[in-house]
Protein chains: 4
Amino acid sequence: MSARAPGRPRSAEADEAIVRATLEVLLEEGFRGLSVDAVRQRAGVGKATIYRHFPDKDALVVAAIRSLHKAVEEPPDTGSLEGDVHALFAQGYLSDPRITSFAPRLLAEAAGSPEMHAIFRSALIEPRRAFLGAILRRAVERGELLDDADLDLVIDLIAGPFIYRLLIDGGDPAVLAARGAAPLRLLLEGLAPGR
Amino acid sequence: MSARAPGRPRSAEADEAIVRATLEVLLEEGFRGLSVDAVRQRAGVGKATIYRHFPDKDALVVAAIRSLHKAVEEPPDTGSLEGDVHALFAQGYLSDPRITSFAPRLLAEAAGSPEMHAIFRSALIEPRRAFLGAILRRAVERGELLDDADLDLVIDLIAGPFIYRLLIDGGDPAVLAARGAAPLRLLLEGLAPGR
Amino acid sequence: MSARAPGRPRSAEADEAIVRATLEVLLEEGFRGLSVDAVRQRAGVGKATIYRHFPDKDALVVAAIRSLHKAVEEPPDTGSLEGDVHALFAQGYLSDPRITSFAPRLLAEAAGSPEMHAIFRSALIEPRRAFLGAILRRAVERGELLDDADLDLVIDLIAGPFIYRLLIDGGDPAVLAARGAAPLRLLLEGLAPGR
Amino acid sequence: MSARAPGRPRSAEADEAIVRATLEVLLEEGFRGLSVDAVRQRAGVGKATIYRHFPDKDALVVAAIRSLHKAVEEPPDTGSLEGDVHALFAQGYLSDPRITSFAPRLLAEAAGSPEMHAIFRSALIEPRRAFLGAILRRAVERGELLDDADLDLVIDLIAGPFIYRLLIDGGDPAVLAARGAAPLRLLLEGLAPGR
DNA sequence: CGTTAAGCGAGACGGTACGTCGTGTCTTTGT
DNA sequence: ACAAAGACACGACGTACCGTCTCGCTTAACG
């Protein structure tokens, strides 16, 4: 018995070319300047193929965003919580221009669209929370944090102000560097076990 | 020399009708569904009039957002920082559906548009930060906070996780109520002077 | 090594199914509504098979039209020219709805396409001219027409007004019956030898 | 009471430019090569304007055909029926390439579309019949034709074979010149009063 | 107190992008 | 080895929207 659909299968190359072209146009021309025909031309692909792979332009953008997921690398172990977090920020954990540029737009689409919101979470938010979570678990093992600390809450406390600043200041890296780390010290003091 | 332009003056009624219609369409149809013609029809106004009052569609949206500013009320003095902050959250400081619905969309427009971003900050962010600031200054006067506390930073620490949760969870009020207040207690402990 | 049969020799069936499906779609949807995919689906055939049998859509149409040729029957001998011609008209010599429906469309394709025009002539025009020619030759033998009459010209004179009316009046059978035969009498008088 | 519609009136210039551009593209590229965007570009007009003036591409073509009507000139009086008819043919009464090229295509559209057929008749057929009719009436006055001749029938007899040849031979002018006039002599003999 | 310049609703205008569909070619799997 | 199924590149179709431009009319300040 065959689980295979008949006919010529969808081209993975075309799919990849479309997503890559979308990302390129998105970065060069911005969201407003993204046209399906521009993607079509750059990908060297037929318009019908785009619409066969993605129901509409939004889905195309979502796929492009999702493709960024792979780019995020594992955070290194520097030996201390503070070092780990700084390393995470330093490696562009959230200040990656692609993220600061795309995330708000994606967020806008997510408003009123539960599926879009789920994609937003799974493609952008959760992987980053997972990295922070790993760092925090290492800190607990090291004894830097209380055993019963609510790690999800701690993540909120670390990432929240950072994101907030990101949104308010429009992703200016200098401002982020200056203010992003500030809450961390405060938290480290409040959450240290021996106190 | 005349300080007055000749001819019929611009109609304040038309201006108001345009802004109101824009808000209505924005709420009913969302950002994507907002078309100048829809505003025109709902406002009972000529298209040229819209473009005489606002240079383009973005300006129209900005004006509509700005018109929401008036709705925010002064936060009451409950006698304690914790009470004030809870009161602020309780009165819908940020969970106002108009805010949770508009803010992300506006944010999306703000990405890559400095003017839009400035509007976003001045119309939505700053008024709310001002309220929190007033509350915190009262707390300093009461002796609940250290005199030399960086209030802007404290605001980040309080509002940041809240906003972060708002964005992640899509503004679900129940979740906000459960998690929004959590960081506050932690902060209050860490920032109390007598320690 | 496998002695498996080299696939089903379905070629002839497929060809016939394609032509039949083309005719059906042509009659139901008209020329504009004829799409190769519609033919494909109705014939239960692969698209590549169609293009293996016919170079392009025009050839497909030509084949469909040609398949109508077989339907035309030999004209009977009634004993007189007038009777023969009336019999020819009566048997639907040209008022066959398939002809009145297809001919103009085919004509349209023929404009500017010599090959199409040749098809048009050989599949529709010439067989009918041949019938008229046979009738006229019988008339010459009977002495009803002058020996040196230009039979091609006589055919033009008989068929021309008829076709002209057909095109002008849109193939309305009543009109054709009323006016189609009229020129014939006039011609018979003018071409009778004993005058 | 105002008979004037509100708003900016449709542009007669745009309409004319569209029709002219359609005719040009039609003549240069042929029917198959006619695209609305080509017309749009050549006319220097917005696509929406085309579709505001004409419901679809067919209507556009019809309007272009109709615009040819004005080009037909009055037939001169040469003093004799035969001369008049020759003059009519000589001036391109029916051999105008625009006619021989468009008529069959229009005919094809007319099949199954009464409105289209009516346009075909009123824009192409009737004006030409009217010219022939005028010539024939002059002939009756001159005594060249019987007073009680059915002029409509005579028109059929003159025009019919000519059109028939036109269609069969694809509008080759040489063939038309050779064969188109042949039936005329026959008819003149048969319809002359003094016989 | 009438001119007159600029406002007004209405809607057509030139463009540009959208998403659908049709053509003729190709690449799969199944028989 | 050929057939069905259907994906592919290309390009036209008809719709919607943006921001500009006439229309004919109102409205108010100035002469």
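Protein chains get the first letters and strands the later ones, always in sequence-line order, with residue 1 at the start of each.
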- For Ser67(A) and Ala64(A), the nearest pair of non-hydrogen atoms, with its separation, is OG-O, 2.6 Å
- Where do Ser11(B) and Ala14(B) come nearest, in terms of heavy atoms and distance?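 So the two residues come closest at OG-N, 2.9 Å.
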Length of the line joining [X]:[atom1] and [N]:[atom2], which is rounded to integer Å:
X        : N       : atom1 : atom2 : value
Arg32(A) : dC18(F) : CZ    : P     : 10 Å
Phe54(B) : dT20(F) : CZ    : P     : 15 Å
Leu60(C) : dG22(E) : CG    : P     : 15 Å
Asp58(C) : dG24(E) : CG    : C1'   : 13 Å
Gln41(D) : dA12(F) : CD    : C1'   : 14 Å

- Task: Nearest-nucleotide wise, let me know which of Arg8(D) and Ile50(B) is further upstream toward the 5' end of DNA chain E.
- Result: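 That would be Ile50(B).
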- Item | Residue met sooner reading DNA chain F from 5', once Asp56(B) and Asp56(D) are mapped to nucleotides | Asp56(D)
side-chain N/O [X] vs [N] OP1/OP2, d < 4.0 Å:
X        : N       : result
Thr49(B) : dG9(E)  : yes
His53(C) : dG24(E) : no
Arg40(D) : dG14(E) : no

- Item | Validation row: Asp15(A), Arg10(A) side chains within 4.5 angstrom (heavy atoms) |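 No, side chains not in contact.
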- Of all residues at least two apart in sequence or in a different chain, which pass the salt bridge (Lys or Arg N to Asp or Glu O under 4.0 Å) check with Asp56(D)? none
- Task: Report the distance from atom CZ of Phe54(D) to atom OG1 of Thr49(D), rounding to the nearest 0.5 Å.
- Result: 11.0 Å
Could you run down the sub-3.5 Å N/O contacts of the protein with nucleotides 15-17 of chain F?
none

- Partner set under side chain to side chain donor-acceptor pair (under 3.5 Å) for Gln41(C), not counting sequence neighbours: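 Result, side chain to side chain donor-acceptor pair (under 3.5 Å) vs Gln41(C): none returned.
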- Query: Looking at residues at least two apart in the chain, or sitting in another chain, which of them share a side chain to side chain donor-acceptor pair (under 3.5 Å) with Arg8(D)?
  - Reply: none
- Task: With a 4.0 Å heavy-atom cut-off, tell me which residues in residues 10-23 of chain B come close to DNA chain F, sorted by residue number.
- Result: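 Result for residues 10-23 of chain B: none.
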For residues 19-30 of chain A, run the donor-acceptor check on the side chains, cut-off 3.5 Å, and write out each pair with its distance to 0.1 Å, sequence neighbours left out.
unit_1	atom_1	unit_2	atom_2	d
Arg20(A)	NH1	Glu16(A)	OE2	3.4
Thr22(A)	OG1	Ile18(A)	O	2.7
Glu24(A)	OE1	Arg42(A)	NH1	3.0
Glu28(A)	OE1	Arg42(A)	NH2	2.9
Glu28(A)	OE2	Arg42(A)	NH1	3.2

- Task: Could you list the residues that satisfy side-chain contact (heavy atoms from CB on, under 4.5 Å) with Lys57(D), not counting sequence neighbours?
- Result: Leu34(D), Val36(D)
